[in-house]
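Below is one structure; the comments refer to it alone.
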Amino acid sequence: AEYLSVLKISSNFTGRMKKIIIMLAVFCAAFNCLAQTPAAELVEKYKDVKGTRNFVARGVLMKLARTMMKEYSIAPLAHKVEEVSVLRVDRVPDEVMQAFNHDLKVVLDSYMYAGKSDTNRGVVDAYVHLVTPHIADELVVYNPRIMALYSLSGTFTEEELRKIQKPVE
């Protein structure tokens, strides 16, 4: 009888621990969702500056954004993109451009350089944030010709990223 009461206490304790662990996991996931990537922070910082244009799609808007992505070289990844942010700074005053270029360099230095790619809008520089040696959770593309920064969040394999790269000739 004593053995059964110890098992009962143990199972009650285990049940409570499971609930606590689940609540902690949900709590951590909620805060992780609120965390912004360096590229997203840059978009947020400059989104209301006169002369900039920006676009952020997540949730329902991602359905429309994925449809638009199908027209570009990013098409093979479109179904895996969970959020996209775009910032263009081609119409800002010189002092804003200087500040942006400094901030951009800091942001891009926080990612791993993935190479150049040729697109219909010019040569772009691609960067990734790796979560494992062969898996990225963010692809950041900068097009200096049109002064546009693109950030695509999702889970992308090295092989998938290679499919969208068009070598510069």
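Scope of the values below: all heavy atoms of this structure, side chains included, with no hydrogens, waters or symmetry mates. Keep in mind that this is a model prediction, so the values were computed, not measured. Numbers here are sequence positions counted from 1.
- In this structure, CG on Leu152 lies 8.0 Å from CD1 on Ile164, to the nearest 0.5 angstrom.
- Remark: the backbone N or O of Lys63 is paired with a side-chain donor or acceptor of Thr67 at under 3.5 angstrom.
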Exercise. Passes side chain to side chain donor-acceptor pair (under 3.5 Å), Tyr46 versus Asp103? Steps please.
Worked result: CA-CA 10 Å; Tyr46 285 91; Asp103 293 342; 2.6 Å; yes

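- Looking at heavy atoms from C-beta onward, Arg145 lies out of side-chain contact with Val123 at the 4.5 angstrom threshold.
- Within 6.0 Å of the CG atom in Asp94, the count of heavy atoms belonging to other residues, nucleotides or ligands does not exceed 12.
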Requested in this report: Show the numbers, then the answer: is there a side chain to side chain donor-acceptor pair (under 3.5 Å) between Ser153 and Glu138?
Outcome: CA-CA 4 Å; Ser153 298; Glu138 185 178 17; 4.5 Å; no

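- Note that the CD atom of Glu44 and the CG atom of Leu87 stand 10.5 Å from one another [nearest 0.5 Å].
- Taken from CG in Leu161 to CD1 in Ile74, the straight-line distance is 8.0 Å, to the nearest 0.5 Å.
- No donor-acceptor pair closer than 3.5 Å links the side chain of Lys80 to the backbone N or O of Phe156.
- Ring-plane geometry between Tyr127 and Tyr113 is classed as perpendicular, the angle between the planes exceeding 60 degrees on a 0 to 90 degree scale with a lower cut at 30.
- Placement of Met112 and Val141 within a single hydrophobic cluster is found when ILVMFWY residues are connected by side-chain heavy-atom separations under 4.5 Å, directly or transitively.
- The shortest distance between side-chain heavy atoms of Val81 and Met69 falls below 4.5 Å.
- For the pair Leu42/Leu104, a side-chain contact is recorded, criterion being any heavy-atom separation below 4.5 Å from C-beta on.
- Note that the OH atom of Tyr72 and the CG atom of Leu77 stand 15.5 Å from one another [nearest 0.5 Å].
- Side chain of Ser85 to main chain of Ser151: no donor-acceptor pair is present (N/O by atom type, distance under 3.5 Å, no hydrogens or angles).
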- Task: Could you walk me through whether Val106 and Asp109 pass side-chain contact (heavy atoms from CB on, under 4.5 Å), step by step?
- Result: CA-CA 5 Å; Val106 170; Asp109 285 346; 5.9 Å; no

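- Residues His134 and Thr157 are not in side-chain contact: their nearest non-hydrogen atoms beyond the backbone lie 4.5 Å or more apart.
- The closest side-chain heavy-atom distance from Lys50 to Val92 is not below 4.5 Å.
- A 4.5 Å side-chain heavy-atom check between Val128 and Val140 finds every atom pair outside the cut-off.
- Residue Met62 is grouped with residue Phe55 when hydrophobic side chains (ILVMFWY) are merged at heavy-atom distances under 4.5 angstrom, including chains of intermediate members.
- Ion pairing between Arg58 and Glu82 fails under the 4.0 Å rule for side-chain N and carboxylate O.
- The pair Asp125-Lys116 counts as a salt bridge, with a side-chain nitrogen and a carboxylate oxygen less than 4.0 angstrom apart.
- The shortest side-chain heavy-atom distance between Val86 and Arg53 does not fall under the 4.5 Å cut-off.
- Taking a cutoff of 4.0 Å between a charged side-chain nitrogen and a carboxylate oxygen, Glu159 and Arg162 do not qualify as a salt bridge.
- In this structure, the separation between CG on Asn101 and CE on Met97 is 6.0 Å, given to the nearest 0.5 Å.
- With rounding to the nearest 0.5 angstrom, the CE atom of Met147 is 12.0 Å from the OG1 atom of Thr52.
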